[in-house]
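Here is the naming used below: chain letters follow the sequence lines, and residue numbers restart at 1 for every chain. Just so it is clear, the structure is predicted and the values come from calculations on it, not from any experiment. These values consider heavy atoms only, across backbone and side chains, with no hydrogens, waters or symmetry-generated copies.
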Protein chains: 2
Amino acid sequence: MFSKACEYGIRAAVYITLQSLDGRRVSVNEIAEEIDSPMAFTAKILQQLTKNNIVDSVKGPTGGFEIEREAMDTVKLSKIVKAIDGDKIYVGCGLGLKECNADKPCPLHDKFIDVRSNLRTMLQSTSLYELATGLEVGLTYLKR
Amino acid sequence: MFSKACEYGIRAAVYITLQSLDGRRVSVNEIAEEIDSPMAFTAKILQQLTKNNIVDSVKGPTGGFEIEREAMDTVKLSKIVKAIDGDKIYVGCGLGLKECNADKPCPLHDKFIDVRSNLRTMLQSTSLYELATGLEVGLTYLKR
DNA sequence: TTAATAAAGGATAAATTTATCCGAATTAAA
DNA sequence: TTTAATTCGGATAAATTTATCCTTTATTAA
């Protein structure tokens, strides 16, 4: 469904959100450990999240990644997915056709529209804050 | 969503179904042309479909691929997807966790279940016959 | 001002997916 | 029985994704 990079990206963003709720800035090192992801690769993905203004980064000692309280609400999963995987997951044809639309649909077009809009709606309506609070309460997990 | 191999596989299977409805057996060459896919790669994928008893193949002159009338109804997309991409698309965790279930869910678990079961239901209920008939009537397309 | 810490960025490697090529096996038709 | 058409299977190549390493840049604190 999502690329590995995107999975790591979402998990990292949720972890940063969780820690930012406590006012803690976190390093790549800590993030990779806590979400069980490869360190250097995670660093690359965090660069993308930073460039896309999804999280903030601070260099130097005591530096690390954080996210503003407001962004926790405004950043939806769709923004992260789009930044890392692009929007092909909503936009593209399920069977890989370049031209596939209501006028010239692939055989799966109509059935796929449902599934995809379901997914899109879910991603567009789920905020980082929402995901982090489940973690905070100990209801959900980011590792293993 | 699906791998390229799987996209080609579904398109190929639908095309074979369409032609088998007319009693025509089709070669890899024709299939690749008609679904606009790379020939040799398509041949590999057709081997998988054959091994999984999704389509039948016949060697030699006048040989090619075909599908039995009954299989057109009983083979659902889920079978093709499973044969090529495996079942991670239904079974796996959306965030890539190995252990993710109702007991120890990832933050996206509940929301993902909806999307995924939507997809699974669609794939499990859509037969090759159903997809081919749209093509036959000229309502849907397999190229471009 | 210096040393240490952390992200940024570039180069490269490993793994996987996508794709091609070619000889072997099978089979129908000439 | 030979020839040609076709799938099958193995080897390999190209492209993309995943992952690592190392140097540079920024910044804090001693």
Side-chain angles (χ1 to χ4, degrees), chain A residues 1-13 15-16 19-20 24-67 81 83-86 88-89 92 95-96, chain B residues 1-13 15-16 19 24-33 35-67 81 83-86 88-89 92 95-96:
Chain A
M1 188 77 87
F2 307 126
S3 69
K4 280 278 168 203
C6 194
E7 290 175 358
Y8 297 150
I10 294 174
R11 276 150 64 191
Y15 182 73
I16 294 168
Q19 296 306 322
S20 285
R24 295 188 61 234
R25 201 180 271 161
V26 286
S27 68
V28 178
N29 220 299
E30 174 179 341
I31 294 169
E33 239 159 61
E34 291 301 320
I35 69 172
D36 194 30
S37 68
M39 228 259 280
F41 190 46
T42 305
K44 288 293 181 206
I45 297 160
L46 286 167
Q47 285 181 30
Q48 291 185 71
L49 296 185
T50 304
K51 275 185 199 153
N52 284 274
N53 298 309
I54 290 165
V55 301
D56 300 313
S57 73
V58 179
K59 282 185 180 179
T62 78
F65 294 87
E66 64 192 359
I67 178 168
V81 173
I84 299 177
D85 280 350
K88 64 179 178 320
I89 204 167
L95 297 187
Chain B
M1 189 78 86
F2 307 125
S3 69
K4 280 279 169 201
C6 193
E7 290 174 359
Y8 298 149
I10 295 173
R11 275 150 65 191
Y15 182 73
I16 294 167
Q19 295 306 321
R24 295 188 59 234
R25 200 181 274 161
V26 286
S27 68
V28 179
N29 218 299
E30 175 179 341
I31 294 169
E33 237 159 60
I35 70 172
D36 194 30
S37 68
M39 228 258 281
F41 190 46
T42 304
K44 288 292 182 208
I45 297 159
L46 287 167
Q47 285 182 30
Q48 291 186 69
L49 296 185
T50 304
K51 274 185 202 154
N52 283 274
N53 297 309
I54 291 165
V55 301
D56 299 314
S57 73
V58 179
K59 284 184 180 178
T62 78
F65 296 87
E66 63 194 358
I67 179 169
V81 172
I84 299 178
D85 281 349
K88 62 179 181 318
I89 205 167
L95 297 186

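Taking each heavy atom of A:Ser20 and A:Glu66 in turn, the nearest pair found is OG-CA, 3.4 Å. Between A:Ile45 and A:Gly9 the shortest heavy-atom distance is CG2-CA, 3.7 Å. Between B:Leu95 and A:Glu7, the shortest heavy-atom distance links the atoms O-CB, 3.5 Å.
To the nearest angstrom, C1' of C:dT5 lies 13 Å from CZ of A:Arg25. In this structure, NZ of A:Lys51 is placed 11 Å from C1' of C:dG10, rounded to the nearest angstrom. The distance from atom CD of A:Glu30 to atom C1' of C:dT5 is 15 Å, rounded to the nearest whole Å. The CG atom of A:Asn29 sits 14 Å away from the P atom of C:dA8 (whole-angstrom rounding). Distance, A:Ile31 CD1 to C:dA8 P: 10 Å, rounded to whole Å. For the pair A:Ile84 CD1 and D:dT17 P, the interatomic distance rounds to 13 Å; values are reported in whole Å. Between the P atom of D:dT7 and the CD atom of B:Glu66 lies a distance of 11 Å, rounded to the nearest Å. As rounded to whole Å, 13 Å separates atom P of D:dG9 from atom CG of B:Leu46.
Phosphate proximity of C:dA7 to A:Thr50: absent, as no side-chain N or O sits under 4.0 Å from OP1 or OP2. Put simply, A:Gln47 has a side-chain N or O that comes within less than 4.0 Å of OP1 or OP2 on C:dG9. Between A:Ser57 and the phosphate of C:dA8, there is a side-chain N or O to OP1/OP2 separation shorter than 4.0 Å.
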Where protein sits on nucleotides 18-30 of chain D, one letter per nucleotide: B base, S sugar-phosphate only, - none, heavy atoms under 4.0 Å = SBB----BBBB--
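Note that the OH atom of B:Tyr15 and the CD atom of B:Glu33 stand 9.0 Å from one another [nearest 0.5 Å]. Taking CD1 of B:Ile84 as the reference point, atom CD1 of B:Ile54 lies at 7.0 Å (rounded to 0.5 Å).
Although no hydrogens or angles enter the test, the distance criterion places no donor-acceptor pair under 3.5 Å between the side chain of A:Asp85 and the main chain of A:Val81.
Considering only heavy atoms from C-beta on, B:Ile16 comes within 4.5 Å of B:Leu46 through its side chain.
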